[in-house]
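No hydrogens, no waters, no symmetry mates; every other heavy atom, side chains included, goes into these values. Naming convention: chains lettered A, B, ... in sequence-line order (proteins, then strands); numbering from 1 in each chain.
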There are 2 protein chains.
Amino acid sequence: MVVGFEKAVSATKSVVTSAKKAPTTLSSNRVINFARGDPTMYESYWRQMGEKCTIVISGHNLMSYFSNAGHFCWFLMPELDRAIRRLHCVVGNAVVDDDRYIVVGNGSTQLFQAVLYALSSSYDPDTEPLSVVAAAPFYSSYPEETDFLRSGLYKWAGDAYSFDKDGAYIEVVTSPNNPDGAIREAVVNRDGGKLIHDLAYYWPQYTPITGKADNDIMLFTFSKATGHAGSRIGWAIVKDIEVATKMVKFMELSSIGVSKESQLRAAKILEVISDDCQNSAPDKEENFFEYGQRLMSDRWEKLREVVKRNGVFSLPKYPQDYCNFIGKYTDPSPAFAWLKSKDGLNCDNLLRELKIVTRGGTNFGVDSNYTRISMLSPDEDFNLLLEKLSAIKGTIINGNN
Amino acid sequence: MVVGFEKAVSATKSVVTSAKKAPTTLSSNRVINFARGDPTMYESYWRQMGEKCTIVISGHNLMSYFSNAGHFCWFLMPELDRAIRRLHCVVGNAVVDDDRYIVVGNGSTQLFQAVLYALSSSYDPDTEPLSVVAAAPFYSSYPEETDFLRSGLYKWAGDAYSFDKDGAYIEVVTSPNNPDGAIREAVVNRDGGKLIHDLAYYWPQYTPITGKADNDIMLFTFSKATGHAGSRIGWAIVKDIEVATKMVKFMELSSIGVSKESQLRAAKILEVISDDCQNSAPDKEENFFEYGQRLMSDRWEKLREVVKRNGVFSLPKYPQDYCNFIGKYTDPSPAFAWLKSKDGLNCDNLLRELKIVTRGGTNFGVDSNYTRISMLSPDEDFNLLLEKLSAIKGTIINGNN
């Protein structure tokens with residue numbers, strides 16, 4: 001996200017300075033940014049919901065540090081705990097039985113670091129840091145989030161496929177995967193391994209819900225589930241109370257908990273979604289996930305059509321599967337398009353020349369002939385992307401003249 | 001805060017199990033917790049403000065990660081930046097000229113760690129971690145917040161008074177100080193030193209405002225300024241753009257910014273306080289700081305009276321000074337009472353026997369004959385504290401029978 005933000009700014013500059021080199025065959029010379037996964041696409045849905053999700057907070061509300069003083073996660077508001085469990089039951093994408101513990105965080109970003117701490121803090125200080133791996137292509141922020149404080153507890157160890165050290169390790173399993181949308185399972189599978197399942201995109205608008213995830217440590221985020229990135233709310237579903245308690249300790253030391261205003265709002269919005277999903281009235285509107293799934297499949301269909309026509313790139317193919325939530329077979333429609341240039345060109349640079357800012361493959365631990373494009377941008381930007389990609393072949397030919 | 005929370009829970013248990021030993025001369029056997037600085041005292045003020053500070057947020061508001069994409073602190077809402085600068089101008093407690101940079105955080109707790117990162121991340125990885133010191137008694141969470149991830153960048157090095165290492169270091173200057181309310185200045189004063197000024201309590205209700213603080217890095221928090229601890233909003237005022245930019249980088253990697261709901265609410269409440277402070281109508285209500293200052297002085301007067309009468313403890317004496325904001329000489333009335341037992345008894349344990357939970361001196365790097373008592377609890381608890389302390393002498397005698 002952040003890397004993308006910075007790249008976007010620098011990229012914008014570089015494109016502007018090289019404007020004379022830029023093709024003139026396109027209807028717009030505006031720089032469009034697809035490097036970030038800012039889910040602004042969903043704004044129109046929430047706008048047409050009117051006041052159903054509105055919250056009102058008076059000056060004297062939510063003042064204490066504490067939300068539930070007796071509870072192991074003393075800063076988690078009980079109404080958010082209930083709303084999270086209810087939504088997972090309604091969608092059927094994760095097991096949230098009473099013996100599962102929920103920890104709220106300032107986005108799943110903070111929770112990812114809380115898990116690293118929880119899984120490594122009991123290790124002997126004299127042993128070397130615990131290795132953290134993920135199968136490439138992996139989320140571009142994992143390496144920096146793991147290493148930026150040079151912790152003696154854990155250390156980024158790169159691509160899980162090439163990890164060959166003995167002993168304890170942590171593998172992050174992101175499914176559906178960011179950037180390539182693949183359904184993932186652990187790849188190292190050795191004794192002493194602990195798994196973090198990042199399930200930020202395991203929602204019906206992105207992939208068929210084929211069953212309830214039941215992993216030891218599962219991370220979800222409000223940002224990708226509903227599009228409310230500005231609220232910075234993420235949650236973990238954890239089987240082991242000791243791990244959950246250490247995560248809470250991390251949250252205490254890192255930020256003394258999580259904004260109550262955001263928790264209150266997330267609880268309200270998740271409850272409204274659950275209500276709509278359970279509404280069986282014959283004339284009912286489509287619920288949030290049906291809306292998102294329809295929008296995303298439509299975008300993917302258009303993108304595949306353009307990519308097929310221009311012949312310069314390829315996109316991953318995903319198997320259709322039965323979605324228990326939608327109640328029919330659906331095609332996966334990931335939050336990011338993982339674009340590959342057929343002739344080995346630097347995909348990111350090529351698109352920047354067209355003022356399309358993306359996040360290149362090297363950020364994800366693979367080659368530069370791949371790049372990641374956000375599929376969650378506003379309609380106007382997405383349509384401009386399609387237009388620019390349609391014109392790209394001619395552009396390249398012009399560029400070669 | 002957190003240490004206090006945990007101690008509170010365990011303390012409650014220990015007191016309950018030793019109930020038969022507890023004195024029976026008091027009107028209440030309820031355990032009262034003064035270990036935390038939860039500022040719930042202010043709730044009544046905000047309640048009587050009615051809807052003046054109410055915020056309303058619709059489902060489609062505040063969705064993007066970004067608040068100000070072109071700005072170095074891209075997640076800081078411009079209205080909060082303005083409200084913070086305006087309040088400091090109105091109160092006159094800090095310089096906020098245009099060449100000062102504001103960074104928002106999830107409480108000043110996260111900002112403290114962002115500063116440690118900003119001041120140490122450019123150091124050679126092969127050199128040993130940068131020493132972090134503070135003069136004892138120091139805020140009980142500094143050591144653990146500095147060391148819990150065993151960072152290779154920085155390391156807690158204890159009491160600044162006994163720090164004798166050469167080379168670069170970071171000194172945290174907390175003024176007024178937590179726990180003892182003293183007005184502080186740096187004590188190490190050697191080449192290569194960087195200072196963090198934690199000014200969480202530099203507000204008129206706690207201490208006379210004698211001038212505008214103008215330090216390189218100043219930390220403030222919504223929790224202590226207005227009592228809104230649940231919002232997790234803190235801010236730093238920074239002179240060096242490079243330091244501010246590295247702090248933003250930390251915030252990106254740690255939590256991709258800060259809750260917009262909390263920022264919006266903080267902006268609203270800070271603006272209302274500034275409006276009230278600038279209201280010159282003859283029949284105007286007392287403003288928030290006048291209210292807080294009156295309440296705190298009243299509490300301190302009552303506490304000093306009780307402590308004087310029972311003769312078991314002593315409290316620090318503070319020089320009266322002219323408060324530029326209140327416009328007259330005022331007595332400091334810190335957010336915590338730093339209690340010392342005259343006969344060298346373990347102050348914390350002694351009070352726990354009376355079901356008064358406090359935070360003992362050893363948490364702050366000094367002896368156990370000191371303990372810290374929050375002065376920000378609800379009236380009911382504070383009055384019960386006075387009652388229990390009044391009875392303590394007889395209780396100790398009973399206990400010795």
Checklist entry - Which atoms of A:Glu43 come close to chain B, meaning under 4.5 Å heavy atom to heavy atom: side chain ones, backbone ones, both, or neither? => result both
Checklist entry - B:Thr226 versus chain A, heavy atoms under 4.5 Å apart: side chain, backbone, both or neither? => result backbone
Item to check | Shortest non-hydrogen contact from A:Tyr65 toward B:Pro39 | outcome: CE1-CD, 3.9 Å
Checklist outcome for this item: Scored by heavy-atom pairs under 4.5 Å with chain B, the best of A:Val56, A:Ile57, A:Thr54, A:Thr109 is A:Ile57
Next on the checklist: So which residue, B:Phe112, B:Tyr42, B:Phe250, ends up with the most heavy-atom pairs under 4.5 Å with chain A?
Outcome noted: B:Phe250
Item to check | Between A:Ser64, A:Ser120, A:Ser44, the one whose heavy-atom pairs under 4.5 Å with chain B are most numerous | outcome: A:Ser64
Item to check | For chain A, the option from B:Lys268, B:Glu51, B:Glu261 that forms the most heavy-atom pairs under 4.5 Å | outcome: B:Glu261
Next on the checklist: Under 4.5 Å from any heavy atom of chain A, what part of B:Ser108 do you find: side chain, backbone, both or neither?
Outcome noted: neither
Next on the checklist: Do B:Gln110 and A:Ser255 pair up side chain to side chain, a donor and an acceptor below 3.5 Å, judged on atom types alone?
Outcome noted: no
Checklist entry - Should we say atom CD of A:Glu242 is surrounded by more than 12 heavy atoms from elsewhere, each under 6.0 Å from it? => result no
Checklist outcome for this item: Interface check, chain B: of A:Gly152, A:Gly50, A:Ser58, most non-hydrogen pairs under 4.5 Å belong to A:Ser58
Checklist outcome for this item: Given A:Gly257, A:Ser254, A:Ser223, A:Gly107, the one with more heavy-atom pairs under 4.5 angstrom with chain B than any other is A:Ser254
Item to check | Side chain, backbone, both or neither of A:Val258 within contact of chain B (heavy atoms, under 4.5 Å) | outcome: backbone
Checklist entry - Taking A:Leu149, A:Ile233, A:Asn106, A:Leu264 one by one, which has the highest count of heavy-atom pairs under 4.5 Å against chain B? => result A:Leu149
Checklist entry - Does any heavy atom of chain B fall under 4.5 Å from the side chain of A:Ser231, the backbone, both, or neither of them? => result both
Item to check | Engaged part of A:Tyr154 at the chain B interface, taking heavy atoms whose separation is under 4.5 Å | outcome: side chain
Next on the checklist: Using a 4.5 angstrom heavy-atom cutoff, name the option from B:Gly227, B:Gly59, B:Cys53, B:Pro129 with the most pairs to chain A.
Outcome noted: B:Gly59
Item to check | Flag side-chain contact, heavy atom, 4.5 Å: B:Lys249 against A:Glu144 | outcome: yes
Checklist entry - Heavy atoms, side chains only, cut-off 4.5 Å: are B:Phe148 and A:Leu153 in contact? => result no
Item to check | Stacked cation flag A:Arg232 on B:Phe75, 6.0 angstrom / 45 deg | outcome: no
Checklist entry - Taking all non-hydrogen atoms of both residues, which atom of A:Ser259 and which atom of B:Ser262 are closest, and how far apart? => result OG-OG, 2.6 Å
Checklist entry - Tell me, side chain or backbone of B:Arg265 under 4.5 Å from chain A's heavy atoms, or both, or neither? => result side chain
Checklist entry - Can you tell me if CD on B:Gln48 sees more than 12 non-hydrogen neighbours from other groups inside 6.0 Å? => result yes
Next on the checklist: For chain B, which candidate among A:His228, A:Glu145, A:Met63, A:Gln263 shows the most heavy-atom pairs at distances under 4.5 Å?
Outcome noted: A:Met63
Checklist outcome for this item: Residues passing the salt bridge (Lys or Arg N to Asp or Glu O under 4.0 Å) test with B:Glu271, sequence neighbours excluded, are B:Arg86
